[in-house]
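As structure tokens, the structure follows; a few thoughts come after it.
Numbering of ligands and ligand atoms starts at 1, following listing order.
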Amino acid sequence: MSTEPFKNVIMLPQTNQLTGLYTIIRDQNTKRSDFIFYADRIIRLLVEEGLNHLPVQPTTVETSTNQKFEGVSFLGKICGVSIVRAGESMEQGLRECCRSVRIGKILIQRDEETAQPKLFFEKLPEDIAERYVFLLDPMLATGGSAAMATEVLIKRGVKQERIFFLNLICSKEGVDYYHSKFPDVKIVTGAVDPCLDENKYLIPGLGDFGDRYYCL
Ligand code: URA
């Protein structure tokens with residue numbers, strides 16, 4: 001597989017190690033504690049990859065041997081925004097990489113009457129428009145919830161170019177739909193699955209991520 005199948009889709013390097021991690025979390029016989037452990041490892045890789053794409057400025061420091069080291073430092077602040085509930089599983093991975101990171105939440109659920117996604121709740125950092133935003137949701141299926149969440153961010157003044165949408169698996173259809181609305185958002189993912197089933201689950205996928213991560 002090419003490492004960048006679509007514009008603004010940043011794929012994790014498809015190493016044997018990564019394929020091994022996906023093999024464990026996709027296996028229906030994997031028990032919950034292992035699912036959490038190996039999903040967390042992938043989440044950490046996604047966060048690290050997202051951080052690789054943030055702008056930096058040249059920064060020189062003096063080392064403990066009194067020598068100069070010409071390095072870089074990050075420009076700008078970041079925050080996370082998780083799409084509740086499954087996206088919350090990715091918050092810890094972000095916290096492990098970015099100390100004291102601000103994390104907002106968006107709750108979108110299917111409206112019983114219309115069967116369409118509906119925004120129920122948003123709690124976001126006040127200064128979110130000045131930040132780079134890591135939008136967190138482990139599965140990009142149809143793209144409906146992610147698009148609604150991104151709309152919320154944009155209404156709050158966040159530029160598309162400053163949004164990184166991190167997910168473990170996305171569908172081709174979901175990527176196309178999402179990018180037809182937000183072509184400049186970068187999707188950071190480890191796997192692109194070919195299709196969805198009649199219940200909008202990813203195929204081959206891994207089932208319901210939230211259930212496997214949170215339920216016994
Ligand atoms: N959400 C999930 O948890 N799994 C899918 O396959 C699609 C959406």
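Residue contact annotation: Lys200 has a non-hydrogen atom under 4.0 Å from ligand 1.
Using a 4.0 Å cut-off between a side-chain N of Lys or Arg and a carboxylate O of Asp or Glu, Arg131 and Asp127 qualify as a salt bridge.
Of all non-hydrogen atoms in Leu140 and Ala146, the two that sit nearest each other are CD1-CB, 4.4 Å. In this structure, Leu46 and Gly190 approach most closely via the heavy-atom pair CD2-N, 3.9 Å.
No side-chain donor from either of Arg212 and Gln28 sits under 3.5 Å from a side-chain acceptor of the other.
Taking atom 6 (O) of ligand 1 as the reference point, the nearest protein heavy-atom neighbour is Leu202 N, 2.8 Å.
Close approach of ligand 1 to Phe209 (heavy-atom distance below 4.0 Å) involves ligand atoms 2 (C), 3 (O).
Relative to atom 2 (C) of ligand 1, the option among Gly207, Ala141, Ala86 with the closest non-hydrogen atom is Gly207.
Where the criterion is an N or O separation shorter than 3.5 Å, residue side chain and backbone included, Met139 fails it with respect to ligand 1.
Remark: Lys123 fails to qualify as a cation-pi partner of Phe121 under the 6.0 Å distance and 45° angle criteria applied to the six-membered ring.
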